[in-house]
Amino acid sequence: MKIIVGNWKMNGTPELLDEMIGALGELHTENRVFLCVPYTMLRSGNVAVMIGAQNVSKYDSGAHTGEISAEMVAAAGASVTLVGHSECRKEQQDTNADVAKRAGLAIKNNLLPIICVGETAEERDAGLTYKIIEQGVRESVPANASNGGFIIAYEPRWAIGAGITPTKEQIAEAHKIIRDVLNEMGFEETPILYGASVTAANSADIMGIENVDGVLVGGASLKKDDFIPIIQSVK
Ligand code: PEP
């Protein structure tokens, strides 16, 4: 059983979501499928797909115009949320401490947070990849996290939406570091996903790598003909 998460980013329509949910409903798979959609398309999930958000506010409630709280996301039917996605870290200057606040509020409101960590191209070139990943995990996991009560997604930021993926060895090394850090923190049951430029052509190979418990899929999650073969590529 693997975990396959789609991230629609700022794309899609309610009609497209209806179509995707319908197609996923006809699938026979043991894999767990989550779809993280824009806030306006949130709704309750079903057995075929759990619906999630792409972020939650780092504030509980109050005077934060334009923000959406974890409580609101949960009330809208979501069961999961991304936090710390590369695009949020870049466009909203989210730090690990901000991500920990978001993830903490997600957990408090019974949402399963998928905490994204990963290095930029500059950080990789400077030899900082493993430091960034380790710090990302240590500092972004909130104090109220429980073993298995959250997911980590390793997303090399230079590969997201770029049509390039790291080598198998690079993915294996990064996931081993994350697994070791999680074990040390007492979170042995926490799944680790790989994300960045996953397609049906590489998904089975990637999910065959040790310590890869599933994938986070951006562009290829928007069309059922791209997304479903990824789900079907593994048992
Ligand atoms: C993502 O948005 O998390 C992502 C992995 O995007 P893509 O699959 O398009 O690289």
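When a ligand or atom number is given, it counts from 1 through the structure's own listing order. Because the structure is a prediction, the values reported are computed rather than measured.
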**Report entry** L182, I114, L193, D213 screened by side-chain contact (heavy atoms from CB on, under 4.5 Å) with I152, the one that passes
**Finding:** L182
Report summary line: for atom 9 (O) of ligand 1, nearest protein heavy atom and its distance come out as G219 N, 2.9 Å
Query raised in the report: Above 12 or not: heavy atoms from other molecules or residues under 6.0 Å from OH of Y39?
Result: yes
Report task. For the pair Y59 and H64, name the ring-plane relationship: parallel under 30°, tilted 30 to 60°, perpendicular over 60°. Result -> parallel
**Report entry** Identity and separation of the nearest protein heavy atom to atom 8 (O) of ligand 1
**Finding:** G218 N, 2.8 Å
Report task. Could you list the atoms of ligand 1 found under 4.0 angstrom from a heavy atom of A196? Result -> 5 (C), 10 (O)
Requested in this report: Please identify which atoms of ligand 1 are closer than 4.0 Å to at least one heavy atom of H85.
Outcome: 1 (C), 2 (O), 3 (O)
Requested in this report: Measure the distance from atom 5 (C) of ligand 1 to every protein heavy atom, then report the residue, atom name and distance (to 0.1 Å) of the closest one.
Outcome: E155 OE2, 3.0 Å
Query raised in the report: Quick one: which of N96, D98, T95 gives a side-chain hydrogen bond (donor to acceptor under 3.5 Å, both in side chains) with R89?
Result: N96
Report task. Could you list the atoms of ligand 1 found under 4.0 angstrom from a heavy atom of G161? Result -> 7 (P), 9 (O), 10 (O)
Query raised in the report: For the atom pair CD1 (I115) and CD1 (I151), what is the distance rounded to the nearest 0.5 Å?
Result: 10.0 Å
Query raised in the report: Are the side chain of D94 and the backbone of G84 linked by a donor-acceptor contact shorter than 3.5 Å?
Result: no
Query raised in the report: Applying a 4.0 Å heavy-atom criterion (strictly less than), which segment of I160 is in contact with ligand 1: side chain, backbone, both, or neither?
Result: both
